[in-house]
Amino acid sequence: MYPTMPPLSPMPTPQLSAAAPAGSMPDKKQYGLQQQVALQNTLRPTMISYTPHQGYAADYGAQIPFMIPNGAMYGHTAHGIPFYHQNLRPGRRQDANDAGSALRSPLLDEFRANKARKWELRDIYGYIVEFSGDQHGSRFIQQKLETATSEEKQGVFDEIVPDNALQLIQDVFGNYVIQKLFEHGTQVQKTVLANAMEGHILPLSLQMYGCRVVQKAVEFVLPDQQASFVRELDPHVLKCVKDANGNHVIQKLIERVSHERLGFVNSFRGNVYDLSTHPYGCRVLQRCFEHLPEETTRPLMDELHKYMINLMQDQFGNYVVQFVLEQGKPQDRNQVITKLRGQMLNMARHKFASNVCEKALVTAGIEERRILIDEIIMPKTDGVSPIVSMMKDQFANYVLQRALTVAEPDQKEILIAKIRPQLVSMRRYSSAYSKHLISIERLLERTINASKASDKPADYPSLLHKPVN
């Protein structure tokens, strides 16, 4: 940031320079310039800028905006964008007399202190940018914009756009004011505001607060401007997809923009496995399957089926497979269930694949479900009972409970008959009757009570009252 960085030291209270001769400039600009010149050398060593993925455990009440009221903010550029500087000291509360308080304008100080006065937007004209960068001032402007007149909205808009828009978009408090302008501004104002963002959509999308404004803009701008956003991100779409902030922008574009304009989806071909196993990529892929037409997603789905078994066992890929089971086309759901056949016990004992087994039992058709549950009921060729193995397993026991819940009456009776004696035996001989066995026992009791027990009570004696010899 600077060639030499002196060590941080307690910040002295700056002394403002003598006032300029009367009439040399308007009072508001004079005040801002005096502050900036007097404090520039004192505060520069501690100035920091927001960059993507950077977070601070800071007291936002100590936020110190460098600005000239009704003018542009003071700061250097990052990613080609002037960034909004803040003097944040992590984990340290600031005193009322510190430099943060000294840098606030008298009007903002009065606003923060005088809660009895009924403030209106016109009372802070000339200081809209400063108030937008303050926690309390930002909240005040947001509330007022919701019911403001056209003239009041234009007054706020004129102070922010275009000179201060980019800085406020990236600010922890200012970004909310920009979002309100997109929500409640006129279509002309929304277009002009979005124009100020063009050329900077990529770095804004990768920035913690900027990504929120880009998403809001996508919701409220016209289709041609949406297409302009897409064109800026197109060469960098995979970078955005894998970014903690950028992935939300890509998801919003997929949800809101016409599929004919989303040429970047073609970049996902050949990368389906990589995206499915990524914490953010798996979300984007699900949005594609949810919102895009069949002709666009079919190549992606066909590629997904090639890795289905591996994806079932992945900590993120299993969510994509569950999505296909829950919201996919019938033929795709059937292919997933077919891959599970013959693998139910192994998959049920896997931490992540067990979730897929449960979802398959819930979403499968009656005949498909019968086949999966029969696989649980029937002993394997080596004589091992899948039910016993599943009852003892920390993950498979949940799949067994799900099977007991969704099974048809005849299969449910078989499951009960096989589970009940095993529970009695395990309770008798196990030194630690585990919590999941207790859960199975309680579910079994509820299942018995909800079945045909009212017609044939003798067929389902209660476990809780069954004597143990």
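Not measured: the values here are computed from a predicted model.
Contact record, Leu121 with Phe140: N-CZ, 4.1 Å, taken as the closest heavy-atom pair. Of all the heavy atoms in Leu206 and Gly246, the pair that sits closest is CD2-CA, 4.4 Å. The two residues Val156 and Tyr125 come nearest to each other via the heavy atoms N-CE2, 4.5 Å. Closest approach of Asp171 and Gly133 over heavy atoms only: OD2-CA, 3.6 Å. Heavy atoms only, all atoms of each residue included: Leu181 and Phe157 are closest at CD1-CD1, 4.5 Å. Among all heavy-atom pairs drawn from Val241 and Gly281, the shortest one is CG1-CA, 3.7 Å.
A donor-acceptor pair is defined here as one N or O able to donate and one able to accept, closer than 3.5 Å; such a pair exists between the side chain of Arg369 and the backbone of Ala364. In terms of modelled atom types and a separation under 3.5 Å, the side chain of Glu232 and the main chain of Ile201 share a donor-acceptor contact. In terms of modelled atom types and a separation under 3.5 Å, the side chain of Asp123 and the main chain of Glu120 share a donor-acceptor contact. Without hydrogens or angle criteria, Ser276 side chain to Val272 main chain gives a donor-acceptor distance under 3.5 Å. Judged by distance alone, the side chain of Gln207 and the main-chain N or O of Tyr209 form a donor-acceptor pair under 3.5 Å. Proximity of a side-chain donor or acceptor of Asn334 to a complementary backbone N or O of Pro330 within less than 3.5 Å is detected. Of the possible polar contacts, none joining the Lys359 side chain to the Ser354 backbone as a donor-acceptor pair under 3.5 Å is found. Side chain of Lys153 to backbone of His184: a donor-acceptor contact under 3.5 angstrom is found. Judged by distance alone, with hydrogens and angles left aside, the side-chain atoms of Asn318 form a donor-acceptor pair with the main-chain N or O of Asp314 at under 3.5 Å.
Using modelled atom types and a 3.5 Å distance limit, the side chains of Glu303 and Asn271 yield no donor-acceptor pair. Remark: the Ser138 side chain and the Gln142 side chain contain an N/O donor-acceptor pair separated by less than 3.5 Å. For the residue pair Asn397 / Gln401, a side-chain donor-acceptor distance below 3.5 Å is found, with atom types taken as modelled.
Between Leu304 and Phe289, the closest side-chain pair of non-hydrogen atoms falls below 4.5 Å. Residues Leu107 and Phe131 are in side-chain contact: their nearest non-hydrogen atoms beyond the backbone lie under 4.5 Å apart. Side-chain contact between Val336 and Met312 is present, with heavy atoms from C-beta onward closer than 4.5 Å. Counting heavy atoms from C-beta outward, Val284 and Phe268 have side chains that approach closer than 4.5 Å. Side-chain contact between Val321 and Met308: present, with at least one pair of heavy atoms (C-beta onward) separated by less than 4.5 Å. Side-chain contact between Leu292 and Val265 is present, with heavy atoms from C-beta onward closer than 4.5 Å. Between Ile169 and Asn175 there is no side-chain heavy-atom pair separated by less than 4.5 Å. Put simply, the side chain of Val230 reaches to within 4.5 Å of the side chain of Phe264, judged on heavy atoms.
Screening Glu219, Gln226, Gln215 for a side chain to side chain donor-acceptor pair (under 3.5 Å) with Lys252, the sole residue that qualifies is Glu219.
Of the inter-residue distances, the one linking Leu311 atom CG with His305 atom NE2 reads 11.0 Å to the nearest 0.5 angstrom. Summarising the geometry, atom CD belonging to Glu368 is positioned 11.0 Å from atom CG belonging to Leu340; distances are rounded to the nearest 0.5 Å. With rounding to the nearest 0.5 angstrom, the CG atom of Asn310 is 10.0 Å from the OG1 atom of Thr277. With values rounded to the nearest 0.5 angstrom, Gln170 atom CD is found 11.0 Å from Cys211 atom SG. The CG atom of Leu166 lies 12.0 Å from the CD1 atom of Ile160; values are rounded to the nearest 0.5 Å. Taking OG1 of Thr405 as the start and CG of Leu361 as the end, the distance is 9.5 Å to the nearest 0.5 Å.
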- Task: Please test Lys190 against Gln225 for side-chain contact (heavy atoms from CB on, under 4.5 Å), starting from the C-alpha separation and ending with a verdict.
- Result: CA-CA 10 Å; Lys190 296 172 186 178; Gln225 217 151 20; over 6 Å; no
- Given side-chain contact (heavy atoms from CB on, under 4.5 Å), test Val362 with Glu358 step by step and report yes or no. CA-CA 6 Å; Val362 172; Glu358 284 193 65; 5.7 Å; no
- Task: In sequence, state the C-alpha distance, the side-chain angles, and the governing distance for Leu168 and Val213, and then conclude on side-chain contact (heavy atoms from CB on, under 4.5 Å).
- Result: CA-CA 10 Å; Leu168 288 179; Val213 177; over 6 Å; no
- Message: Using the rule given for side-chain hydrogen bond (donor to acceptor under 3.5 Å, both in side chains), can you reason through Ser105 versus Glu130, listing the C-alpha separation, both sets of side-chain angles and the distance that settles it, and then say yes or no?
- Response: CA-CA 8 Å; Ser105 67; Glu130 181 185 16; 2.7 Å; yes
- Task: Decide yes or no on side-chain contact (heavy atoms from CB on, under 4.5 Å) for Phe323 and Leu285, but give the supporting numbers first.
- Result: CA-CA 10 Å; Phe323 183 90; Leu285 207 54; over 6 Å; no
- Start with the C-alpha gap between Arg333 and Glu326, add the side-chain angles, then the distance that decides, and say whether salt bridge (charged side-chain N to carboxylate O under 4.0 Å, His left out) holds. CA-CA 8 Å; Arg333 184 170 61 246; Glu326 196 165 31; over 6 Å; no
- Task: I would like to know whether Gln189 and Gln154 meet side-chain hydrogen bond (donor to acceptor under 3.5 Å, both in side chains); could you show each step before the answer?
- Result: CA-CA 8 Å; Gln189 289 170 344; Gln154 190 63 45; 2.7 Å; yes
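Ion pairing between Arg287 and Glu290 holds under the 4.0 Å rule for side-chain N and carboxylate O. Looking at Arg298 and Asp332, a side-chain N of the basic residue comes within less than 4.0 Å of a carboxylate O on the acidic one, giving a salt bridge. Under 4.0 Å is where a charged nitrogen must lie from a carboxylate oxygen, and between Arg139 and Asp134 no such pair does. Checked for salt-bridge contact, Asp393 and Arg349 miss the test: no charged N lies under 4.0 Å from a carboxylate O. Between Glu146 and Lys144 there is no salt bridge, since none of the side-chain N atoms of the basic residue sits less than 4.0 Å from a carboxylate O of the acidic one.
Contacts classified as salt bridge (Lys or Arg N to Asp or Glu O under 4.0 Å) and involving residues 258-282 (residues at least two apart or in different chains) are given here: Asp224-Arg261, Lys242-Asp274. Pairs engaging residues 197-218 under the salt bridge (Lys or Arg N to Asp or Glu O under 4.0 Å) rule: Glu183-Lys216 [sequence neighbours left out].
The aromatic rings of Phe352 and His350 lie tilted to each other, with the angle between the two planes from 30° to 60°.
By the 6.0 Å contact criterion, OH on Tyr319 is open, its count of non-hydrogen atoms from other residues, nucleotides or ligands being 12 or less. Crowding of Arg402 atom CZ: a count of heavy atoms from other residues, nucleotides or ligands under 6.0 Å not exceeding 12.
The distance between the ring centers of Phe182 and Phe220 does not fall below 6.0 angstrom. Phe111 has its ring centre less than 6.0 Å from the ring centre of Trp119.
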